Structures are given as C-alpha cells and as structure tokens.
Amino acid sequence: RFSNPVPRSSNYRCGCLADPPVLSLKAALLHDTVEDTNTTLAEIEARFGEKVRSVVAEVTDDKSLSKAARKELQIQHAAHCSHEAKLVKLADKLYNLRDLKRCTPEGWTEKRVEEYFIWASKVVAGLQGTNQTLENSLAVLFKERNIFTQ
C-alpha cells in the first residue's frame with residue numbers, strides 16, 4: 001500500500017507544478033484519509049471546507065466495492081473529474097509508479113507490478129490535458145515499460 005502523502009504532494013513542488021493550487025495541495029495531502037482511517041467526508045468538510053471535501057470525495061474509492069470494481073471505476077471516472085481532482089490523481093499515480101520502479105512491495109510479483117502500470121496508464125489516459133509536466137513524467141515511466149497511452 002502506498003501510504004505517505006507528503007512525498008506525493010511534493011510532486012507538486014519538485015518541478016512538476018511550480019505553483020500548485022492550494023485546493024489541490026490540501027486534497028493531495030488528505031486524499032487517502034477517508035479510505036485508510038475512520039475519518040469521514042463530513043469531518044474533512046468541517047475542518048477544511050466544502051471545496052476540499054468535494055475534491056477528496058472525487059478521489060476516494062468506495063471501499064464497499066470489490067478491488068476490481070474500484071479500479072474499473074477509476075478508469076471510467078478519470079475524464080469526468082474536476083481539474084483539481086485530476087491534478088491529485090496525476091500526482092498520486094506519478095508517486096506510486098516512481099515508488100514501484102524504485103522498490104517492489106513485499107509480496108508483489110513482477111506480473112502484479114506490470115498490471116499496476118497498465119491499469120495506471122488507463123487511468124492517466126482519462127486525465128490527459130490536465131498538466132503537461134505531470135503527464136510527460138508519467139509518459140516516461142510508461143515508455144520505459146513499453147506501455148503507450150492513448
């Protein structure tokens with residue numbers, strides 16, 4: 001599981017986005033909170049406001065669904081997210097893929113890593129036109145694995 005939000009949000013600061021939108025940066029830091037803790041969207045809204053809650057909601061998977069269904073929904077919904085949610089998704093995918101390139105998680109086979117890259121490329125295909133710098137960085141990672149997005 002990829003669980004550290006600080007490096008993910010740092011994708012905004014390390015040359016990927018010179019001046020990140022504050023709303024996207026807040027959502028990037030909070031994006032797994034609802035999935036991975038007992039925190040609710042109502043609590044996010046009470047502390048950070050409706051706009052942050054809205055973006056966090058867009059990038060939060062419904063854990064009541066199967067993993068396969070959640071992954072498919074991410075592909076289907078990518079193109080329909082707000083600009084801020086697309087930025088969070090791009091930064092998150094970039095962080096996760098760089099992390100996978102650097103170190104395979106315990107229990108993951110090379111096949112599972114490859115499947116993750118292929119799935120991520122399908123999500124990213126729906127996010128095209130959001131931020132060229134993030135998209136170019138992702139394209140390099142996909143090209144290294146001979147995965148070409150649409």
Side-chain angles (χ1 to χ4, degrees), residues 1-12 16-17 21 23-45 48 50-150:
R1 182 84 181 125
F2 312 100
S3 60
N4 189 345
V6 176
R8 286 183 207 172
S9 63
S10 70
N11 279 324
Y12 287 125
C16 295
L17 285 177
L23 175 57
S24 294
L25 192 52
K26 287 179 182 179
L29 289 168
L30 295 166
H31 83 279
D32 280 337
T33 304
V34 175
E35 290 177 20
D36 297 343
T37 72
N38 292 327
T39 306
T40 66
L41 287 170
E43 291 170 315
I44 297 282
E45 183 170 348
F48 299 100
E50 189 279 326
K51 289 181 180 179
V52 172
R53 182 211 47 83
S54 179
V55 176
V56 170
E58 285 185 86
V59 298
T60 297
D61 288 342
D62 180 349
K63 290 288 200 157
S64 70
L65 300 174
S66 70
K67 186 175 182 178
R70 292 191 312 263
K71 286 179 156 295
E72 182 58 33
L73 283 174
Q74 280 199 42
I75 294 167
Q76 291 175 13
H77 291 162
H80 309 290
C81 292
S82 68
H83 182 75
E84 293 82 9
K86 288 179 179 182
L87 287 173
V88 172
K89 286 179 173 286
L90 285 169
D92 187 51
K93 295 296 178 263
L94 181 58
Y95 174 80
N96 289 349
L97 294 174
R98 283 178 172 168
D99 199 41
L100 277 175
K101 180 182 173 185
R102 182 185 58 78
C103 179
T104 302
E106 186 175 328
W108 281 46
T109 63
E110 182 55 36
K111 181 181 179 197
R112 184 171 177 189
V113 171
E114 187 70 14
E115 288 170 349
Y116 187 91
F117 267 83
I118 292 167
W119 166 75
S121 74
K122 293 175 183 178
V123 175
V124 168
L127 304 170
Q128 296 298 303
T130 301
N131 179 276
Q132 200 60 55
T133 304
L134 290 170
E135 292 164 34
N136 289 345
S137 296
L138 285 155
V140 168
L141 293 172
F142 294 137
K143 186 176 180 184
E144 289 173 352
R145 290 192 164 260
N146 293 315
I147 299 168
F148 300 96
T149 58
Q150 303 164 346

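Remember, it's a predicted structure, so these values are computed and weren't measured experimentally. The figures here come from the full heavy-atom set of this structure, side chains too, leaving out hydrogens, waters and symmetry mates.
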| Nearest-0.5 Å distance, CD of residue Glu35 to CG of residue Asp62 | 9.5 Å
| Can you tell me if CG on Asn136 sees more than 12 non-hydrogen neighbours from other groups inside 6.0 Å? | yes
| message | For Tyr116 and Trp108, take the angle between the two ring planes, folded into 0 to 90°, and tell me which bin it lands in: parallel under 30, tilted 30 to 60, perpendicular over 60. | response | tilted
| Worked verdict on Phe117 versus Phe142 for side-chain contact (heavy atoms from CB on, under 4.5 Å) | CA-CA 7 Å; Phe117 267 83; Phe142 294 137; 4.2 Å; yes
| If only atom types and distance count, is the side chain of His80 paired as donor or acceptor with the main-chain N or O of His77 below 3.5 Å? | no
| task | Over all heavy atoms of both residues, which pair between Phe48 and Val52 is shortest? Give the atoms and the distance, please. | result | O-CG2, 3.5 Å
| said: Checking Glu114 now: which residues fulfil salt bridge (charged side-chain N to carboxylate O under 4.0 Å, His left out) with it, not counting sequence neighbours? | reply: Arg145
| said: I want to check something: taking the side chain as every heavy atom from C-beta on, are Gln128 and Val124 in contact at a cut-off of under 4.5 Å? | reply: yes
| message | Between the side chains of Lys89 and Asp92, is the shortest nitrogen-to-carboxylate-oxygen separation below 4.0 Å, so that they form an ion pair? | response | no
| message | Tell me the closest heavy-atom pair linking Val123 and Ala78, and the distance in Å. | response | O-CB, 3.5 Å
| task | To the nearest 0.5 angstrom, please state how far the NZ atom of Lys71 sits from the CH2 atom of Trp119. | result | 4.0 Å
| message | Checking Ser66 now: which residues fulfil side chain to side chain donor-acceptor pair (under 3.5 Å) with it, not counting sequence neighbours? | response | none
| remark: Minimal heavy-atom distance between Ser82 and Val55, with the atoms involved, is OG-CG2, 4.4 Å
| said: If you define the side chain from C-beta out and look only at heavy atoms, does anything of Lys93 sit under 4.5 Å from Gln74? | reply: yes
| remark: Taking every heavy atom of Ala91 against every heavy atom of Leu134, the minimum-distance pair comes out as N-CD1, 4.3 Å
| Quick one: CD on Glu110 to CG on Leu100, what's the gap to the nearest 0.5 Å? | 9.5 Å
| task | Would you confirm whether Lys86, through its side chain, and Ala79, through its main-chain N or O, come within 3.5 Å as a donor-acceptor pair? | result | yes
| request: May I ask you to test the Thr130-Glu135 pair for a side-chain heavy-atom distance under 4.5 Å? | output: yes
| task | Starting from the C-alpha separation in whole Å, work towards a yes-or-no answer on side-chain contact (heavy atoms from CB on, under 4.5 Å) for Asp99 and Arg102. | result | CA-CA 5 Å; Asp99 199 41; Arg102 182 185 58 78; 2.5 Å; yes
| request: Find the distance between CZ (Arg53) and CD (Glu58) and round it off to the nearest 0.5 Å. | output: 9.5 Å
| said: If you define the side chain from C-beta out and look only at heavy atoms, does anything of Leu138 sit under 4.5 Å from Leu97? | reply: yes
| Got a second to check how far Leu23's CG is from Glu84's CD, nearest 0.5 Å? | 5.0 Å
| Should Leu141 and Glu144 count as side-chain neighbours, where that means a heavy-atom distance under 4.5 Å? | yes
| Atom CG of Asn131 and atom CG of Leu90: how far apart are they, to the nearest 0.5 Å? | 7.0 Å
| Ser137 (side chain) donor-acceptor with Thr133 (main chain) under 3.5 angstrom | yes
| query | Under the 3.5 angstrom rule, does the side chain of Ser121 hit a backbone N or O of Ile118 as a donor-acceptor pair? | reply | yes
| Could you go step by step and tell me if Thr33 and Val56 meet the side-chain contact (heavy atoms from CB on, under 4.5 Å) rule? | CA-CA 9 Å; Thr33 304; Val56 170; 5.9 Å; no
| query | What are the two closest heavy atoms between Thr60 and His31, and how far apart are they? | reply | OG1-O, 3.8 Å
| said: Please give me the minimum heavy-atom distance between Leu87 and Pro21, naming the atom from each residue. | reply: CD1-CG, 3.8 Å
